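In the text below, chain A, chain B and the rest are named by the order of the sequence lines, each starting its count at 1. It should be emphasised that the depicted structure is a prediction, and the values quoted were computed from it without experimental measurement.
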Amino acid sequence: MFDIRAIRDNPDAFRAAWNRRKPGLGDIVDQIHAHDGALRKAVTDKQDAEKVRNENSKLIGRAKAEKNEQEAARLMALVAEAKLTIEAAGEQEAAAKGLLDEILMGLPNLPLAEVPQGQDEEGNVEQSRWGEPKRINNPKDHADLGEALKSDFGFSQMDFDSAVKMSGARFVALRGPLARMERALAAFMLDLQTGEHGYEEVSPPLLVKDQALIGTGQLPKFEVDLFKATNFDSDRFWADYNVAHEAQLDQFRDIGYGNISSEEIREASLKRQREWLKKYNSGEYNDPRYLIPTAEVPLTNLVRDQILDGSRLPLRFTAHTPCFRSEAGSAGRDTKGMIRLHQFNKVELVSIVENEEAGLAELERMTGCAEEVLKRLNLPFRRMLLCTGDMGTGARKTYDLEVWLPSQNTYREISSCSYCGDFQARRMDARFRKEAGTKPEFVHTLNGSGLAVGRTLVAVIENYQNEDGSITVPGVLRPYMGGLETIA
RNA sequence: GGAGGAGUGGCAGAGUGGUUGAAUGCGGCGGUCUUGAAAACCGUUGAGCCUUCGCGGGCUCCGGGGGUUCGAAUCCCUCCUCCUCCGCCA
């Protein structure tokens with residue numbers, strides 16, 4: 001969401017920024033301006049009429065107390081007239097607000113000036129590199145290595161076949177030492193971020209309401225990327241439906257079937273059915289939840305609908321959770337292995353700060369916190385500054401960390417750290433008060449992966465592979481794996 | 001799942017149809033007193049929006065939504081949340 005007053009005052013700045021996101025998108029400013037004008041006109045009209053109603057209602061009370069019925073009747077007529085105006089203006093207000101919100105909620109955040117212009121990942125700019133890729137002769141990819149490794153019971157430690165049978169494509173079951181290594185990675189990351197970087201560990205809900213996703217920006221535009229868990233109340237729906245059906249039949253009977261054409265009956269029935277189809281799909285009989293696509297959603301929503309104490313900022317949260325993504329639109333990409341799954345684990349970092357200056361400093365800090373994980377695992381990586389076309393909707397500036405994958409002879413994304421300004425805060429109504437007595441201000445939010453656990457496992461397997469197909473356990477993970485040095 | 005109760009300002013807690021955006025207490029802020037502090041006393045203290053260059057004026061909000069009424073925190077409907085008891089359950 002955006003500050004409508006800022007758009008009014010600087011329409012050209014918004015126009016230019018949205019055009020940087022996507023050529024032509026800035027023209028939306030004209031529509032916003034039109035709807036905003038209509039909205040304010042309607043609001044003013046309504047308020048004027050409400051004033052008339054309120055004042056006269058008080059006078060009515062006084063007139064009645066004085067037993068002046070004639071005066072009371074005269075005033076009541078005035079109020080009745082005002083109410084018509086209120087109703088009409090109210091409808092116009094709701095219509096304009098609906099159109100305006102629909103536009104505003106669907107627009108992406110404004111990229112900061114230092115973000116490079118670009119259409120897709122080709123436009124991203126490398127910022128730095130760390131570590132030297134190790135020379136590996138004929139490196140195998142993680143899937144081949146993982147499937148070849150056997151658990152004590154003789155099953156693949158990276159068991160795609162079994163997972164696919166029960167859940168379909170893009171799922172995996174880790175078994176034995178590899179499963180433990182994934183847990184070790186998560187524990188290591190969490191200990192680092194909480195113990196050394198000051199993040200508070202959170203165990204959040206994994207199912208959230210649509211409002212939470214609207215808050216962080218995944219909705220309304222990207223519902224196809226999410227897994228939705230529905231729970232339709234069919235008993236209540238059909239009970240209500242039958243009542244409406246009976247009522248309509250009664251209505252026909254009252255009119256008399258001789259006085260109504262079969263065409264009219266058909267029309268009326270269809271209309272009723274269409275209405276109920278709409279209700280069927282609405283939230284009225286359904287209370288859906290979404291599986292979180294990232295812990296950014298619950299962690300950021302921790303501050304929703306609040307006025308925080310400014311002296312406590314910044315707040316830093318971390319959580320290790322599964323993430324669920326439908327991966328609609330990525331058919332055919334990364335179909336082999338664990339790079340792109342419907343379910344994966346991730347350690348997420350979220351920071352709540354007070355303004356842009358603090359936010360940009362925090363972005364550097366947060367990215368550093370993510371990089372530290374890779375450094376301690378001794379995995380080569382590079383830092384990319386994302387271009388305007390490759391950033392997520394909520395972001396104003398994003399760094400991606402890409403880890404070296406020997407099998408692909410390239411760097412692959414393993415973390416993404418974003419500064420979101422007050423974009424999410426406005427959608428969530430998350431504010432803070434600098435000092436007692438001062439106006440509340442919107443907080444600024446950041447989120448980043450610290451790191452994607454599944455992909456880190458992939459990187460460890462590939463970078464620590466040995467000629468014989470065994471995997472050397474990185475030093476920092478050994479304490480978490482009972483001292484195990486090699487997975488074979 | 002069954003039975004009952006409750007949702008009011010940062011917190012506690014009055015208020016059941018007419019100057020109530022809301023008594024009172026605590027907390028916060030400012031002040032008096034004091035060498036300083038405490039205590040005491042006085043004042044002040046919700047949010048959002050519209051309008052105005054500004055001073056100011058106005059509207060909305062007492063869990064959410066809808067309704068009754070000239071007028072609703074107060075009455076009705078509905079949903080949500082919380083509490084107590086019973087049942088079931090990781």
Taking the six-membered ring where the residue is Trp, are the ring centres of A:F2 and A:F423 under 6.0 Å apart?
yes
Would you indicate what A:N54 reaches in the nucleic acid, counting non-hydrogen atoms under 4.0 angstrom: base, sugar-phosphate, or nothing?
sugar-phosphate
B:rA47 pairs with, by Watson-Crick or G-U criteria that keep both distances under 3.5 Å:
B:rU60
With A:T300, which of A:V443, A:T294, A:T445, A:L446 fulfils side-chain contact (heavy atoms from CB on, under 4.5 Å)?
A:T445
If you measure from the P atom in B:rG15 to the same atom in B:rU74, how many Å do you get, rounded?
15 Å
Could you measure between the two C1' atoms, the one in B:rA38 and the one in B:rA22, and give it in whole Å?
33 Å
Atom-to-atom span, CD of A:Q306 to C1' of B:rG46 - whole angstrom:
16 Å
Picking from B:rC70, B:rG58, B:rU51, the nucleotide nearest the side-chain atoms of A:T44 would be B:rU51
Salt-bridge test for A:R340 and A:E327: reply yes if a basic N is under 4.0 Å from a carboxylate O, no otherwise.
yes
Say we look at B:rG27 and B:rA12: how far apart would their C1' atoms be, to the nearest angstrom?
10 Å
How close or far is atom C1' of B:rU60 from atom NZ of A:K97, stated in whole angstroms?
13 Å
In whole angstrom, give me the gap between the C1' atoms of B:rU34 and B:rA39.
11 Å
Taking the ring of A:F324 and the ring of A:H342, is the distance between their centroids below 6.0 Å?
no
Starting at atom CZ of A:R40, determine the distance to atom C1' of B:rC50, rounded to an integer number of angstrom.
9 Å
Atom CG of A:D3 and atom C1' of B:rC49: how far apart are they, to the nearest Å?
12 Å
Residue pair A:M391 / A:V115, side-chain heavy-atom distance below 4.5 Å
yes
When rounded to whole Å, the CD to C1' distance for the pair A:Q211 and B:rC79 reads 15 Å
Looking at every strand, decide which applies to A:R426 at a 4.0 Å heavy-atom threshold: base, sugar-phosphate, or nothing.
nothing
State the pairing partner of B:rG54; accept Watson-Crick or G-U wobble contacts with both distances under 3.5 Å, and report none otherwise.
none
Need the pair for B:rU69. Rule: Watson-Crick or G-U wobble, both distances under 3.5 Å, any strand; none if unpaired.
none
Watson-Crick or G-U counterpart of B:rA37, or none if no pair lies under 3.5 Å:
none
Taking only the side-chain heavy atoms of A:R53 (C-beta and beyond), determine which of B:rA47, B:rG71, B:rC50 contains the nearest atom.
B:rG71
Taking salt bridge (Lys or Arg N to Asp or Glu O under 4.0 Å) as the test, write out the residues that go with A:E201, two or more places apart.
none
Which part of the nucleic acid, if any, lies within contact of A:K83, taking any heavy atom under 4.0 Å across all strands shown: a base, the sugar-phosphate backbone alone, or nothing?
sugar-phosphate
Taking the nucleotide of RNA chain B with the nearest heavy atom to each, does A:A80 or A:I307 sit closer to the 5' end?
A:I307
In whole angstrom, what separates A:R5's CZ from B:rU52's C1'?
14 Å
Minimum-distance nucleotide to A:E50 side chain [options: B:rC59, B:rA47, B:rC70]
B:rC59
Watson-Crick or G-U wobble partner of B:rU81, both distances under 3.5 Å:
B:rA6
Rounded C1' spacing from B:rG13 to B:rU8 in Å:
9 Å
Quick one: does NZ or CZ of A:R175 land under 6.0 Å from the six-membered ring centre of A:F155, within 45 degrees of the ring axis?
yes
What is the distance, to the nearest angstrom, from the CG atom on A:D309 to the P atom on B:rG27?
18 Å
Is it the case that more than 12 heavy atoms not belonging to A:Q306 sit under 6.0 Å from its CD atom?
yes
What integer number of Å spans the P atoms of B:rU45 and B:rG56?
14 Å
Which pairs, protein N/O on one side and nucleotides 16-20 of chain B N/O on the other, fall under 3.5 Å?
{"residue": "B:rG18", "atom": "N2", "partner": "A:S57", "partner atom": "O", "Å": "3.0"}

Base-pairing mate for B:rG30 - Watson-Crick or G-U, with both contacts under 3.5 Å:
B:rC42
Roughly how many Å apart are B:rC80 and B:rG64, using the P atom of each and rounding to a whole number?
15 Å
Over 12 non-hydrogen atoms of neighbours within 6.0 angstrom of CD in A:E114:
yes
Rounded to whole angstrom, note down the C1' distance from B:rC77 over to B:rG18.
24 Å
Nearest to the side chain of A:V79, heavy atoms from C-beta on, is which of B:rG58, B:rC70, B:rA47?
B:rC70
Do any side-chain nitrogens or oxygens of A:R431 fall under 4.0 Å of OP1 or OP2 in B:rA47?
no
What is the separation between atom CG on A:D305 and atom C1' on B:rC80, rounded to the nearest whole Å?
14 Å
Base partner of B:rG25, which must satisfy Watson-Crick or wobble distances under 3.5 Å:
B:rC11
Would a distance-only check, ignoring hydrogens and angles, find a side-chain to backbone donor-acceptor pair under 3.5 Å from A:R427 to A:M105?
yes
Does any nucleotide pair with B:rG87 by Watson-Crick or G-U wobble geometry, both distances under 3.5 Å, and what is it?
none
